[in-house]
Each structure stands twice: as structure tokens, then as C-alpha cells.
Number of protein chains: 2
Amino acid sequence: MLNTNAYKAIAHPIRRDILKRLRSGPKTAGELAKEYDISKPSLSSHFSILKDSDLVFTRRDGNHIYYNLNLTVANEVLSALMDLFGIEKET
Amino acid sequence: MLNTNAYKAIAHPIRRDILKRLRSGPKTAGELAKEYDISKPSLSSHFSILKDSDLVFTRRDGNHIYYNLNLTVANEVLSALMDLFGIEKET
DNA sequence: ATTCTAATTAGTTTTTTTTCTAAATAGAGT
DNA sequence: ACTCTATTTAGAAAAAAAACTAATTAGAAT
């Protein structure tokens, strides 16, 4: 069953943008921070919300923490929405 | 292009529940109101957010206003999320 | 052990969302 | 025209989310 925090996670434009950037592979908080005109703590809070949703997970490599998109959960979000809307996956 | 209000629309559990109930056909505000322990104005505000997202549209029939699920927009939400996550629709 | 870099936590303020009660509107039916 | 039912609008209060600065933690590297 889907963690409903996922709906909250995708509700904010910055978090959606982060997810989009993670499609192409893991990024550090610092790399992502460059893209947004927002304080680091605010961004950290967005990361935290993304982690709570399980849409992203982290891995530390030395000094850096890499954010990764969890595609399994991403697929679960899609499935849950298809169910919500009563839309069938074509066979 | 998707109305980003749709992300906001699905962020609240009551609004998701309303969408789910509309799968089976149009419902009046009154019918839906029975399902939730919340004041009518609060629910009306949820309806308004759903309408802003274009996920639902209304049709008046006499004294009743029927809420309908807009499946076209529902599909657009799914497409937008597939794009966001970089998930391909299988052919 | 100190220092450097990366990122988070603490605490607060601002903004947005959700909720409420009371009043108003829209249309149907008498 | 009045009245009844269904729903929304107005205005205010409460709750939740998002933002900031300052301080802290975690680990790497000297």
C-alpha cells in the first residue's frame, strides 16, 4: 500500500522539480541546492518530505549524501492513482 | 499541459476520497456531504479546489449540482507523473 | 584533535490551507 | 411572490506547511 505522504511530496513544485532531476541519476543535496533560490534548510526540509514519502532514498558516499529516485514507489504512485481514477492499465 | 492545481487537488485525503467515489458516476454535493464529518462550507471548499484542478466538472440538474470526474484530466495527471518519474508507458 | 565541507536540526516567523458559523444565492415548486 | 432545499460566499479562527537565520552534527582529511 502506498505511503500517502507521496501525494504531499508531489504537491510542491520544487519537490516535483527535484524528482524530475533525479530521473537522470542520483544527485547530492549540494548539486540540487544550486538549482533553487531557497535556503539550504528549506531545501533540506523538502528532502525530508521526499524521504518520508519513500519516493527518494539516500546513500552517503564520503562527504556527500546522494539522493536517489525510488522507481518502485514511483510506480506505486501511478498504480494508486490509476486505481483512484478507475483507469485500467492496458494489457 | 496539466493544470498544476491537480497536484494540490489530490493532496488531501477527503478530495481523494471524493474522486474515488466519482469513479462510479456523478454525485451531488449533498450525497457526498453525507460521507464526511465536516461542515458543508468546508466540503464546498474542497469541491472548489477539485473544480479548479479540472479533475471534476459540474452540471446542474434542477435543484442539484452533480459532480463528475473528468477522465481526460485524470489521464493527463497520470501522463504528467509518468513523465516526471521518467516511466514509459508500455506499448 | 582540529579543521573543513556537507547537510541537518532548532527555533521562529510568514504564508497557505483548512475549518468553522452565519449569511447569501440559485433555482424549483407552491 | 414566497418558501423550501441545495449549495456557495463572507469573514474569521485554527492548523499545517514553508520559509528564514543561527547553531549543530557527521564524516573526511589533515
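Atoms CD1 (B:Ile18) and P (C:dT18) sit 12 Å apart, rounded to a whole Å. For the pair B:Leu43 CG and C:dT17 P, the computed distance is 18 Å after rounding to whole Å. Atoms CG (B:Asp52) and P (C:dT18) sit 12 Å apart, rounded to a whole Å. D:dA19 atom C1' lies 12 Å from atom CG of A:Asp37, rounded to whole Å. The distance between atom NE2 of B:His64 and atom P of D:dT7, rounded to the nearest whole Å, is 6 Å. Put simply, CZ on A:Arg59 is 19 Å from P on C:dA6, counting in whole angstrom units.
Looking at A:Arg23 and B:Asp83, a side-chain N of the basic residue comes within less than 4.0 Å of a carboxylate O on the acidic one, giving a salt bridge.
Across residues 26-33 of chain B, not one residue has a non-hydrogen atom less than 4.0 Å from an atom of DNA chain C.
A sub-4.0 Å separation between OP1 or OP2 of C:dC20 and a side-chain N or O of B:Ser39 is present. For B:Lys34, no side-chain nitrogen or oxygen approaches OP1 or OP2 of D:dA6 to under 4.0 Å.
Taken from CD1 in A:Ile87 to OG in A:Ser79, the straight-line distance is 12.0 Å, to the nearest 0.5 Å. Of the inter-residue distances, the one linking A:Leu55 atom CG with A:Asn68 atom CG reads 12.5 Å to the nearest 0.5 angstrom. Separation of atoms CZ (B:Arg21) and CD (B:Glu35) is listed at 4.0 Å; rounding is to 0.5 Å. Distance check, rounded to the nearest 0.5 Å: CG of A:Leu22 to CZ of A:Phe57 gives 10.0 Å. From B:Lys27, atom NZ reaches atom OH of B:Tyr67 across 14.0 Å, with rounding to the nearest 0.5 Å.
No contact: A:Tyr36 has no heavy atom under 4.0 Å from any strand. Backbone-only engagement by B:Tyr67 is indicated by non-hydrogen atom pairs under 4.0 Å involving sugar-phosphate atoms exclusively.
Note on A:Leu2 and A:Phe85: same hydrophobic cluster, where clusters join Ile, Leu, Val, Met, Phe, Trp and Tyr whose side-chain heavy atoms are under 4.5 Å apart, directly or indirectly. Hydrophobic clustering keeps B:Ile49 apart from B:Ile18 (ILVMFWY residues linked when any side-chain heavy atoms are closer than 4.5 Å, directly or through intermediates). Grouping the Ile, Leu, Val, Met, Phe, Trp and Tyr side chains by contacts below 4.5 angstrom, directly or via other members, places A:Leu84 with B:Ile14.
When the nucleotides C:dT8, D:dC20, D:dT8 are ranked by their closest atom to the side chain of B:Lys40, D:dT8 comes out on top.
Checking side-chain atoms of A:Asn3 against main-chain N and O of A:Asp52 turns up a donor-acceptor pair under 3.5 Å.
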What nitrogen or oxygen pairs link the protein and nucleotides 15-18 of chain D at under 3.5 Å?
residue, atom, partner, partner atom, Å
D:dA18, OP1, A:Arg15, NH2, 3.4
D:dA18, OP2, A:Arg15, NH1, 3.3

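B:Ser48 and B:Ser45 form no side-chain donor-acceptor contact under 3.5 Å, judged by distance and modelled atom types alone.
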Mark up nucleotides 24-30 of chain C, 5' to 3', with B wherever a protein heavy atom is under 4.0 angstrom from a base atom, S wherever such an atom reaches only the sugar-phosphate, and - elsewhere. ---BS--
